Structure formats: structure tokens, C-alpha cells
Amino acid sequence: AQKVTQAQTEISVVEKEDVTLDCVYETRDTTYYLFWYKQPPSGELVFLIRRNSFDEQNEISGRYSWNFQKSTSSFNFTITASQVVDSAVYFCALSESKAPNSGGSNYKLTFGKGTLLTVNP
Amino acid sequence: SAVISQKPSRDICQRGTSLTIQCQVDSQVTMMFWYRQQPGQSLTLIATANQGSEATYESGFVIDKFPISRPNLTFSTLTVSNMSPEDSSIYLCSSSGSTDTQYFGPGTRLTVL
């Protein structure tokens, strides 16, 4: 069974600090996708990044960066120079392949429990 | 990425009643999904809404409680039937197209008294 563990329930930092959110996953699939989503207080879920299991290159997008380590089954997310607007719950998610006859190439997502990040001014 | 809207954005309902939540996508998508997020918890997949066939429900969720419709490639509804306070949650729909990335609607905050 798929499993995503976000061991950090809550993190509190002061603005401009760097912060890393941890994500560890378990899967028997050889092909899978990993995701990060942000859920601000308003409640909507905002897609941040998708990474496939064959691409272990780290990625940087502005103040955000992601470190994918297949050897340790981890997909960690770092925010550099955090800002108050970064305050949100962040979810890591893992996809699994659906049954061959289910149609299309769409995947079921398994979410971690989320990490509440509070950035204080 | 697809833009997804949901109606209603929030509602307060009495126990024993039913509520139908609508999800509209601005483009045709292969699959749509319905999730529940109980207070302070993560997201749990309720079912996958398949166009032209019955929805596929996850363990712990049944059609009688959460009937789903998918009349076309841009629209789906989820009904929460015979509600109890335990059904108080945020209900989110999502869709995925050719990229397999799921994009989410803004959610429906349901409170059952």
C-alpha cells in the first residue's frame, strides 16, 4: 500500500528564515509521481510541483526548491527567505497507477497528513 | 491547468438532510475526483467520477451515502446523503487531464448541525 509520511506536524519560523518540509514515501510501484500542494487558510489546494520517479534532478522555482532522493524515498521541500504569505498547510502526495482498464492515465493520490507552516513577521 | 469551480462554497445543514455539491471544470477532462477533508486532517479520496460509467468508490465510502454523477466531461456532482455532524468537512473536487496532475477546486465547507 502507498504511504506518505510528513513527520513535522507544525513548524514556526521568523520571516526570512529558510525552512525545509520533510516528506518520506512508501510504494511498490516503479513508476509514480510525487507532488507538493499548498493549502492557505482560505482552504483551496494549490498545486506546486510534480516529479516523476525517473527524474531525480532537484528543482528550483524562485524561493522554492525540491530535493528528490530515491535512495531514501524522500521528497523534501525548502522555502528560502520565508515570507508571511508562505503560511499555510503543505501536503506531500504520491500517485499510484490505476488499473489498466480504468481508462486514461490518471492516478489516485495518497496524501500525507500535512505540515502547518507559520511564518511570523 | 484547468480552472475548477465548486458550488456552494459553504453551507450549514441540518442532520438528516442531503446536500448536492457541484463541480465545474473549464475544459474537458478525463477524470474527476472527490475528496473529503475532515477538520484538521488530510485529504481522503471518496471516489473517482467516471464519465459514462459508475463512480469508483474507495474503501469506507458507499454509493448510497455519497452518490456521484458525471453527465459530461466538464461537470460532476457529489451528494452527501442523510447527513450527520460527522459529515462536517471540506469537500474538494479535482480533475486531471493529459499531464496526470490533479488540480483542485476551492472546496465546499460543510457544517452539519
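As a basis for the values below, the full set of heavy atoms in this structure was taken, side chains included, without hydrogen atoms, waters or symmetry mates. Note that this is a predicted model, so its numbers are computed, not measured. Residue numbering restarts at 1 for every chain, and letters A, B, ... go by the order of the sequence lines.
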query: Are A:Phe111 and B:Ile46 in one and the same hydrophobic cluster, where Ile, Leu, Val, Met, Phe, Trp and Tyr link if side-chain heavy atoms are under 4.5 Å apart?
result: no
message: side-chain contact (heavy atoms from CB on, under 4.5 Å), that's the test. Do B:Gln37 and A:Phe91 meet it? Break it down for me.
response: CA-CA 12 Å; B:Gln37 186 179 24; A:Phe91 290 98; 3.5 Å; yes
task: Would you mind checking which part of B:Leu43 comes under 4.5 Å of any heavy atom in chain A, side chain (CB onward), backbone (N, CA, C, O), both or neither?
output: both
task: Find out if a path of hydrophobic residues (ILVMFWY) with successive side-chain heavy-atom gaps under 4.5 Å connects B:Trp34 to B:Tyr103.
output: no
query: Are any non-hydrogen side-chain atoms of B:Tyr35 and A:Leu45 less than 4.5 angstrom apart?
result: no
- prompt: Just how far is it from atom OG1 of B:Thr101 to atom CD1 of A:Ile49, taken to the nearest 0.5 Å?
  reply: 10.0 Å
- request: Would you kindly confirm whether B:Val112 and B:Leu92 end up in one hydrophobic cluster when ILVMFWY residues are joined by side chain heavy atoms under 4.5 Å apart?
  value: no
query: Transitively linked via ILVMFWY side-chain contacts under 4.5 Å: A:Leu116 with B:Ile90?
result: yes
- line: Residues at least two apart in sequence or cross-chain that pass side-chain contact (heavy atoms from CB on, under 4.5 Å) with A:Asn67, listed by chain then number, are A:Asn58, A:Gln69
- request: Would you confirm whether B:Ser42, through its side chain, and A:Gly114, through its main-chain N or O, come within 3.5 Å as a donor-acceptor pair?
  value: no
task: Name the region of A:Ser42, side chain, backbone, both or neither, that has any atom closer than 4.5 Å to a heavy atom of chain B.
output: backbone
message: Same cluster or not: A:Trp66 versus A:Val24, using hydrophobic residues (I, L, V, M, F, W, Y) connected whenever any side-chain heavy atoms lie under 4.5 Å apart?
response: no
- prompt: Between OG of B:Ser96 and OH of A:Tyr33, what distance do you get to the nearest 0.5 Å?
  reply: 11.0 Å
- request: Pick one of side chain, backbone, both or neither for A:Gln39, based on which atoms fall under 4.5 Å of a heavy atom in chain B.
  value: side chain
